[in-house]
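In what follows, a structure is listed as structure tokens, so that the remarks can point back to it.
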Amino acid sequence: LHWGENYVVVFFDPASEVGSLLSMGRWVIQPRLWRNMSYVALPNDRVYTSKNYGLGSDPRVPHSGVFQLEVLEPGRKLRYVFDGPADERTLTDINTTGHQIGRNVLMKFDLVFESDAPIWDMHAKLESDHNIEKAAANFNSPEGHIEQNGYVSGTIHLANGEQYNVRQA
């Protein structure tokens, strides 16, 4: 309860058949505590999921221990880096029995989101959101989101040596 989603990226690369949802957020009542959720879908019905928590040294720097987010160029370029355990599942299992803990494997990714498109701020014209009390109340509401179209490039590695290259997904 009271988790905010500060960063999220969703992509699918048809060439490598890799898709992902990566999320990094923090706890409203403890802004130094970051939570990441990673969902990486690979060819042949395979899905790797991870959910981790960690205290960052600075509430402005998203870092949960195994997942970090680096702002390379404000408003234009973000780097998502993960190096840690992930549950190995199949998409079929998740769709039929729901998410259950699977076999843990080591997964690494280094992905960069880039955009030349402007950021769309859903609440930029709502004057009432400029006070702290209103902003805190809307921390998890859609009007607190900003959106931006772009693309993702980088690599995903599994401990068994598999590597997937994502290019402008």
Side-chain angles (χ1 to χ4, degrees), residues 3-26 34-54 56 60-124 140 142-169:
W3 286 97
E5 183 177 76
N6 297 96
Y7 301 93
V8 66
V9 65
V10 179
F11 68 87
F12 178 73
D13 179 12
S16 63
E17 298 183 40
V18 172
S20 186
L21 181 145
L22 310 173
S23 174
M24 175 71 86
R26 60 184 167 176
W34 290 92
R35 172 196 64 190
N36 87 276
M37 294 183 288
S38 304
Y39 176 97
V40 177
L42 299 177
N44 301 317
D45 198 41
R46 295 177 303 152
V47 176
Y48 295 84
T49 64
S50 179
K51 184 175 181 180
N52 296 285
Y53 302 86
R60 297 167 297 171
V61 179
H63 197 297
S64 71
V66 297
F67 187 109
Q68 69 181 17
L69 192 139
E70 185 179 348
V71 178
L72 300 175
E73 294 178 39
R76 189 177 125 46
K77 197 172 190 180
L78 300 170
R79 181 176 179 212
Y80 293 80
V81 178
F82 179 91
D83 185 352
D87 294 330
E88 182 180 31
R89 305 292 298 152
T90 67
L91 186 57
T92 302
D93 287 344
I94 291 171
N95 287 333
T96 56
T97 62
H99 184 268
Q100 297 176 9
I101 302 300
R103 181 175 73 100
N104 276 193
V105 298
L106 182 62
M107 177 175 68
K108 297 180 182 184
F109 57 72
D110 191 338
L111 302 163
V112 174
F113 169 84
E114 293 187 66
S115 179
D116 290 324
I119 294 173
W120 176 42
D121 189 340
M122 294 184 189
H123 69 293
N140 289 315
E143 67 183 41
H145 278 199
I146 60 172
E147 305 286 335
Q148 185 175 28
N149 290 325
Y151 57 89
V152 173
S153 297
T155 57
I156 299 169
H157 301 270
L158 298 178
N160 66 3
E162 286 181 71
Q163 177 176 313
Y164 295 88
N165 296 311
V166 176
R167 291 192 175 86
Q168 295 192 342

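FYI, side chains are in, hydrogens and waters are out, and symmetry mates aren't considered; it's all heavy atoms of this structure. What you are looking at is a predicted structure, and each value in this text was computed from that prediction instead of being measured.
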| field | Glu70 side, atom CD; His63 side, atom NE2 - distance, nearest 0.5 Å | value | 10.0 Å

| message | Minimum heavy-atom separation for Tyr39 and Leu22, please, with both atom names. | response | N-CD2, 4.4 Å

| said: Pair Asp87, Val47 - check side chain to side chain contact (heavy atoms under 4.5 Å, CB included), show working. | reply: CA-CA 8 Å; Asp87 294 330; Val47 176; over 6 Å; no

| Is there a donor-acceptor pair closer than 3.5 Å between any side-chain N or O of Ser115 and the backbone N or O of Asn149? | yes

| Side-chain donor-acceptor pair present, Asn52, Ser64, cut-off under 3.5 Å | no

| Looking only at atom types and distance, does a side-chain atom of Asn36 sit under 3.5 Å from a main-chain N or O of Val66, one as donor and one as acceptor? | no

| Between Tyr7 and Pro62, which heavy-atom pair has the shortest distance, and what is it? | CE1-CG, 3.4 Å

| Between atom OH of Tyr53 and atom CH2 of Trp34, what is the distance when rounded to the nearest 0.5 Å? | 14.5 Å

Without placing hydrogens or testing angles, list every side-chain donor-acceptor pair under 3.5 Å for residues 10-18, not counting sequence neighbours.
{"residue": "Asp13", "atom": "OD1", "partner": "Ala15", "partner atom": "N", "Å": "3.2"}
{"residue": "Asp13", "atom": "OD2", "partner": "Ser16", "partner atom": "OG", "Å": "2.9"}
{"residue": "Asp13", "atom": "OD2", "partner": "Arg167", "partner atom": "N", "Å": "3.4"}

| said: So if I apply the side-chain contact (heavy atoms from CB on, under 4.5 Å) rule between Val112 and each of Leu72, Leu78, Val81, Val166, which one comes out positive? | reply: Leu72

| Hey, what do you get for NE2 (His157) to CG (Asn165), rounding to the nearest 0.5 Å? | 7.5 Å

| task | Could you tell me whether a side-chain N or O of Ser50 sits under 3.5 Å from a main-chain N or O of Pro85, the two making a donor and an acceptor? | result | yes

| task | Keeping the roles fixed (side chain from Gln148, backbone from Gly75), state whether a donor-acceptor pair exists under 3.5 Å. | result | yes

| To the nearest 0.5 Å, how far apart are OG in Ser20 and OH in Tyr48? | 13.0 Å

| Do the non-hydrogen side-chain atoms of Leu158 and Leu42 ever get within less than 4.5 Å of each other? | yes

| Hey, is the main chain of Arg46 close enough, under 3.5 Å, to the side chain of Asn44 for a donor-acceptor pair? | no

| Check: Glu114 and Arg76 side chains under 4.5 Å, non-hydrogen atoms | yes

| message | Below 30° counts as parallel, above 60° as perpendicular, anything between as tilted: where do the rings of Phe109 and Phe82 land? | response | parallel

